[in-house]
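What follows is a single structure, written as structure tokens, with notes after it.
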Amino acid sequence: MTAQSNADAVVIGAGIVGVMAAHYLQNDGRKVLLVERDEVAAGASAGNAGILAFPEIIPIPSPGIMFKAPKWLLDPLGPLSLPPAYALNMVPWLWRFWRASSRKAFAHGIAAHTGMMQLAAGEMERVRAIAELSSFFTHTGTLDLYDSEASFNAATPDWLEKEKAGFQFTSVGRADIERLQPGLAPQFRHAMYTPAGIQVNDPKGLTRAVADLVVTRGGTLQKGEVRDIAPHAEGATITLADGVTITARTVVVAGGAWSKPLAARLGDPVPLETERGYNTTLPAQDFQLQRQLYFNDHAFVVTPLAEGIRVGGAVELGGLELAPNYRRSKALLAKASRFLPELKTEGGREWMGFRPSTPDCLPVIGRSSASPSILYAFGHGHLGLTQSAATGRLVSDLAAGRATSLSTEPFRPGRFR
């Protein structure tokens, strides 16, 4: 006989977005069941750079980007890669990406990201104040580094948008760069310094700690792969791969890159793809990395973690099935070695993960078309950690039927129809 159970609120996915949604629902008095196909923080929540990137309000699809993309794609180890075996699959997504790069769509994206990031910063302050979680956050500041004066000046419009949004930063030259982060190669003479930059020193640990907090406060964690969600008058019934069914009043789909087929079954064909991200985590060493470092002309970051130093970034549009290409992580590590000559690059651990990405680079947050009891919270791209607490707040608002803390119109699932 197939096992059946009842639940109040079920969150599908125990990455950082899912556990934050569970945390906020629980704060609203809901009894929460987290359902995870693998382990807590098994995906992108384990391998991200740990940056709370609140000033990153500039959408990736921007005017003129489609003229730059072909040059990037010609370099298989460059900042943007599209493996030939997956190219045809990406055509519909890239067409929508091109549409999102119009000036009107770009301005819309900046406005949407600005509102989301302002909410995210405030909500993450609340999370940081929780005793069980506070030790995961370190105030490091952020250095955005440029290879030349020309590339630094070319980024001026983006920094002006960030300034308009209320973010504070300072232009610094070589002397200040050396003071803020000793050991950088002499080519770096132009940078922006953001004093407020905050680093999560253990992204996987933080995700697990939030999940543990949910369980400690009465929530439940269950392992299982969700195969179907069937709406009904009192909520929805979830069917797991092993045949177990769970009936719930509220269901939140927060399965990251694996959310697409569930949304499609519910009548919401979201064009979700993956930015496959690569990194190498180096063991602790004598070299002292004091800040979050963005190498903007090369699309990668170097960040300080409790366990060592993480070098990663770039984008590979390759779906969920292709084998990892760890030449990409090795190429990033080689660049990091040139840019930080004292960095020891031996003994690192390579990783590849899936960032769930929409063509307009905005998350999907809202009610499904099948039922107001089924909510979506996925598609954050490389900003899942940064926007996780804000997403939790919006999900709890929607589930409670109250006015949301921020308009969810830019994030509605039906915008792709």
Side-chain angles (χ1 to χ4, degrees), residues 1-40 42-43 210-211 214-215 217-272 320 356 363-379 391-392 394-402 404 408 411-414 416-417:
M1 174 179 266
T2 301
Q4 299 180 5
S5 62
N6 295 319
D8 177 18
V10 173
V11 178
I12 301 169
I16 189 61
V17 172
V19 299
M20 281 291 187
H23 167 70
Y24 274 85
L25 286 166
Q26 195 174 60
N27 283 350
D28 263 359
R30 305 295 298 272
K31 189 165 181 60
V32 178
L33 168 62
L34 267 167
V35 178
E36 167 56 43
R37 64 192 295 275
D38 196 333
E39 298 177 351
V40 175
V210 177
V214 169
V215 171
R217 295 179 177 178
T220 306
L221 176 63
Q222 180 172 339
K223 189 169 184 178
E225 183 177 355
V226 176
R227 289 289 177 83
D228 192 30
I229 306 173
H232 51 71
E234 283 74 43
T237 297
I238 296 168
T239 302
L240 305 184
D242 60 5
V244 169
T245 60
I246 305 166
T247 299
R249 287 201 301 129
T250 300
V251 175
V252 180
V253 179
W258 287 267
S259 301
K260 182 177 180 176
L262 294 177
R265 282 178 175 272
L266 292 164
D268 297 307
V270 177
L272 189 73
L320 291 168
V364 177
I365 304 171
R367 304 185 189 280
S368 77
S369 61
S371 168
S373 299
I374 304 172
L375 307 175
Y376 296 138
F378 60 83
T391 302
L394 294 172
V395 164
S396 65
D397 289 341
L398 289 166
R402 58 177 174 256
T404 52
T408 58
F411 316 120
R412 61 187 178 85
F416 301 107
R417 293 183 184 278

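Keep in mind that what you see is a predicted model, and the values were worked out from it rather than measured.
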**Item:** Test item: side-chain donor near acceptor, Thr245 and Thr239, under 3.5 Å
**Value:** no
**Prompt:** Is there a side-chain contact between Lys260 and Pro271 (heavy atoms, below 4.5 Å)?
**Reply:** no
**Request:** Check Asn27 against Arg217 and note the closest heavy-atom contact, atom names and distance.
**Result:** OD1-NH1, 4.1 Å
**Prompt:** Heavy-atom distance under 4.5 Å between the side chains of Ile229 and Arg265, does that happen here?
**Reply:** no
**Item:** Non-hydrogen side-chain atoms of Ser373 and His232 separated by less than 4.5 Å
**Value:** no
**Prompt:** If you measure from CG on Asp268 to OG on Ser259, what distance do you get to the nearest 0.5 Å?
**Reply:** 12.0 Å
**Sub-4.5 Å side-chain heavy-atom contact between Glu225 and Asp242** = no
**Prompt:** What distance separates Met20 CE from Leu25 CG, expressed to the nearest 0.5 Å?
**Reply:** 13.0 Å
**Asked** Going from NZ on Lys31 to CD on Gln26, what distance comes out if it is rounded to the nearest 0.5 angstrom?
**Response** 8.5 Å
**CG-OG1 distance between Leu33 and Thr250, expressed to the nearest 0.5 angstrom** = 12.5 Å
**Prompt:** How close do Lys223 and Asp38 get, heavy atom to heavy atom, and via which atoms?
**Reply:** CE-O, 3.2 Å
**Message:** Side chains of Val17 and Phe378, heavy atoms from C-beta outward: is any pair under 4.5 Å?
**Reply:** no
**Complete:** Nearest heavy-atom contact between Val35 and Gly224 is CG1-O, 3.5 Å
**Request:** Provide the closest heavy-atom pair for Tyr376 versus Ser368 in the form atom of the first, atom of the second, distance.
**Result:** OH-CB, 3.3 Å
**Prompt:** What's the spacing between Asn6 CG and Thr237 OG1 if we round to 0.5 Å?
**Reply:** 8.5 Å
**Asked** Distance from Asp397 atom CG to Leu375 atom CG, nearest 0.5 Å?
**Response** 11.0 Å
**Request:** State, to 0.1 Å, how close Gly366 and Pro413 come at their nearest heavy-atom pair, and which atoms those are.
**Result:** CA-CD, 4.1 Å
**Request:** Scan Ile238, Val252, Ile374, Leu34 and name whichever one has a side chain to side chain contact (heavy atoms under 4.5 Å, CB included) with Ile12.
**Result:** Ile238
**Message:** Quick one, Phe416 and Pro269 - any side-chain contact, counting heavy atoms below 4.5 Å?
**Reply:** no
**Item:** Heavy-atom pair with the smallest gap, counting every atom of Arg367 and Gly401
**Value:** NH2-CA, 4.3 Å
